[in-house]
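Here the structure comes first, spelled out in structure tokens, and everything after it is commentary.
Values reported hereafter were calculated over all heavy atoms of this structure, with side chains retained and with hydrogens, waters and symmetry mates removed.
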Amino acid sequence: MCMLREMCARHAGNCSPLWHQMRLWTQARQMGWYAGRCLAAQALSEPIELDFCFELFTHITKFFNYKVVLLGKFNAQGLGSDHELLVRCTKDREYVKVVLSGGRMLGAVLIGETDLEETFENLILNQMDLTPYGEDLLNPNIDIEDYFD
């Protein structure tokens with residue numbers, strides 16, 4: 001058991017800056033799976049690499065029957081005042097909040113059927129400079145899913 005604790009503790013320091021621990025059942029499942037892989041790798045004397053699920057914090061749930069997607073530093077965790085927020089809200093339909101720092105997307109909150117999950121996940125992972133797009137990034141009249149595809 002001590003070896004298992006050491007592997008999980010060692011993993012916690014190797015995560016992407018876009019991933020953070022929230023003590024969710026989905027993360028517990030990922031950590032358990034990773035711990036099992038570490039034990040098997042050690043028994044077989046093979047190296048172990050971090051899994052993709054530790055590259056970006058993601059969580060999907062439902063709240064009052066609205067789909068809720070949280071990505072990356074969705075609440076500007078650890079950014080202090082060095083960030084800006086872009087928000088789009090359509091009453092009874094959707095809420096979109098994007099966290100930007102240095103012109104790069106670091107997190108997002110998507111509530112409702114926004115169809116922006118994959119696009120925003122890629123923008124966060126690619127760390128593309130979004131400064132030229134400004135507030136048009138959330139313009140509902142621009143189909144950014146096609147633009148950044």
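The side-chain heavy atoms of F120 and V98, taken from C-beta on, include a pair separated by under 4.5 Å. Under the 4.5 Å side-chain criterion, counting only non-hydrogen atoms from C-beta, V87 is in contact with Y95. Within the 4.5 Å cutoff, no side-chain heavy atoms of M105 are placed close to those of L71. The closest side-chain heavy-atom distance from I142 to Y133 is not below 4.5 Å.
Going from atom CG of L70 over to atom CG of N75 covers 9.0 Å, rounded to the nearest 0.5 Å. Taking CD1 of I111 as the start and SG of C89 as the end, the distance is 8.5 Å to the nearest 0.5 Å. Expressed to the nearest 0.5 Å, how far CE of M128 lies from CG of L130 amounts to 6.0 Å. Remark: K73 NZ to L100 CG distance equals 14.0 Å, nearest 0.5 Å.
With sequence neighbours excluded, the residues satisfying salt bridge (Lys or Arg N to Asp or Glu O under 4.0 Å) with E117 are K67. Listed by chain and number, the residues in a side-chain contact (heavy atoms from CB on, under 4.5 Å) with T131 are D129 (sequence neighbours excluded).
Side-chain atoms of N139 come within 3.5 Å of backbone N or O of N141 as a donor-acceptor pair. E84 places no side-chain N or O within 3.5 Å of a backbone atom of V99 that could act as its donor or acceptor partner. Distance alone, capped at 3.5 Å, places no donor-acceptor pair between the T61 side chain and the V68 backbone.
Counting all heavy atoms, side chain and backbone alike, I124 lies closest to Q127 at O-NE2, 2.6 Å.
Applying the salt bridge (Lys or Arg N to Asp or Glu O under 4.0 Å) rule to pairs touching residues 90-99 yields R88-E94, sequence neighbours excluded.
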